[in-house]
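Everything below concerns the one structure shown next.
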Amino acid sequence: MQVILASSSPRRIQLLGEIFDNFEVLPQSVEEITSLTKGYAVCQYLARIKLGQLPYLQPNALIISADTIVYRNGKIYGKPKDKQEAKLFLDELSGKWHLVYTGVAVYYDGKIYTFYDKSQVKFKSLSEKDKWQYVNSGSPMDKAGGYGIQDREVVEKYVGSYSNIVGLPLEKLKEHLSKLIK
């Protein structure tokens, strides 16, 4: 069976490699805009549109896409646009708990299935120096919420799936795939 990951995220590629030995990486260019506001709904919708045209172009493949957002007090934190926004995210999340949602869309046998996972993350209380040091490292720039769970300098602790926070909830994905592919 042909397996396609509709994402160029190095973290998702690595995680999917824990399930499949061979798969193609074919990210789709889509506009990630929605008027939805609930974290679980936003991430599932964006994961679904990230499938792009692949279901039509590769109708016999198993296609997987995902979208991760950081969510706190009704605000969605995507990837920061620049260093200033990355610093703002750190200002707002420092010392506090927030939620991480990853929505997953799976195309298989002519149908699209979506689901999400939710984890909680608590940031360390960061000084101004710590924040700017982290921003200037470049690490925040391609990650939802402006940080990576693997970056111990900002994360104090988490509850839930580690792989969900990284960007692909492996436990739930395996569960869903086992039901789909008999």
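Hydrogens, waters and symmetry mates play no part in the numbers below; they use all other heavy atoms, side chains included. Just so we're clear, the structure is a prediction, and the values are computed from it rather than from any experiment.
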Discussion item. Under the ring-ring contact (aromatic ring centres under 6.0 Å, His included) test against Tyr147, which residue among Tyr134, Phe123, Tyr158 passes?
Written reply: Phe123

Worksheet item: What do you reckon, is NZ of Lys38 surrounded by more than 12 foreign heavy atoms closer than 6.0 Å?
Response: no

Discussion item. Could you tell me if Ser163 and Ser161 have a donor-acceptor pair between their side chains, going purely by distance under 3.5 Å?
Written reply: yes

Discussion item. Under 3.5 Å, is there a donor on one side chain and an acceptor on the other for Asp117 and Tyr101?
Written reply: no

Item to complete: Look only at the side chain of Glu85 and the backbone of Lys81, and say whether a donor-acceptor pair between them is shorter than 3.5 Å.
Response: yes

Worksheet item: Would you call Arg12 and Asp67 a salt bridge, taking side-chain N to carboxylate O under 4.0 Å as the test?
Response: no

Practice prompt. Assess whether atom CD of Gln14 is packed by more than 12 heavy atoms of other residues, nucleotides or ligands within 6.0 Å.
Written response: no

Worksheet item: Does a side-chain N-to-carboxylate-O contact under 4.0 Å join Lys87 and Glu92?
Response: no

Practice prompt. Using a cut-off of 6.0 Å, state whether more than 12 heavy atoms not belonging to Tyr40 lie near its atom OH.
Written response: no

Item to complete: Check whether any side-chain N or O of Thr68 sits under 3.5 Å from a backbone N or O of Thr102 as a donor-acceptor pair, and report yes or no.
Response: no

Worksheet item: Do any N or O atoms from the side chain of Lys124 and from the backbone of Arg152 form a donor-acceptor pair under 3.5 angstrom?
Response: yes

Worksheet item: Does a sphere of radius 6.0 Å around CG in Asp82 hold more than 12 heavy atoms from other residues, nucleotides or ligands, not counting ones at 6.0 Å or beyond?
Response: yes

Worksheet item: Taking only residues two or more places apart in sequence or in another chain, which ones pass side chain to side chain contact (heavy atoms under 4.5 Å, CB included) with Ser8?
Response: Pro27

Worksheet item: Just checking, any donor-acceptor pair under 3.5 angstrom between side chains of Gln28 and Gln53?
Response: no

Worksheet item: Just checking, is any N or O donor in the side chain of Asn136 or Lys83 under 3.5 Å from an acceptor N or O on the other one?
Response: yes

Practice prompt. Report, as yes or no, whether the 6.0 Å neighbourhood of atom NZ on Lys122 holds more than 12 heavy atoms from other residues, nucleotides or ligands.
Written response: yes

Item to complete: For Lys75 and Tyr71, indicate whether the former's side chain and the latter's backbone hold a donor-acceptor pair under 3.5 Å.
Response: no

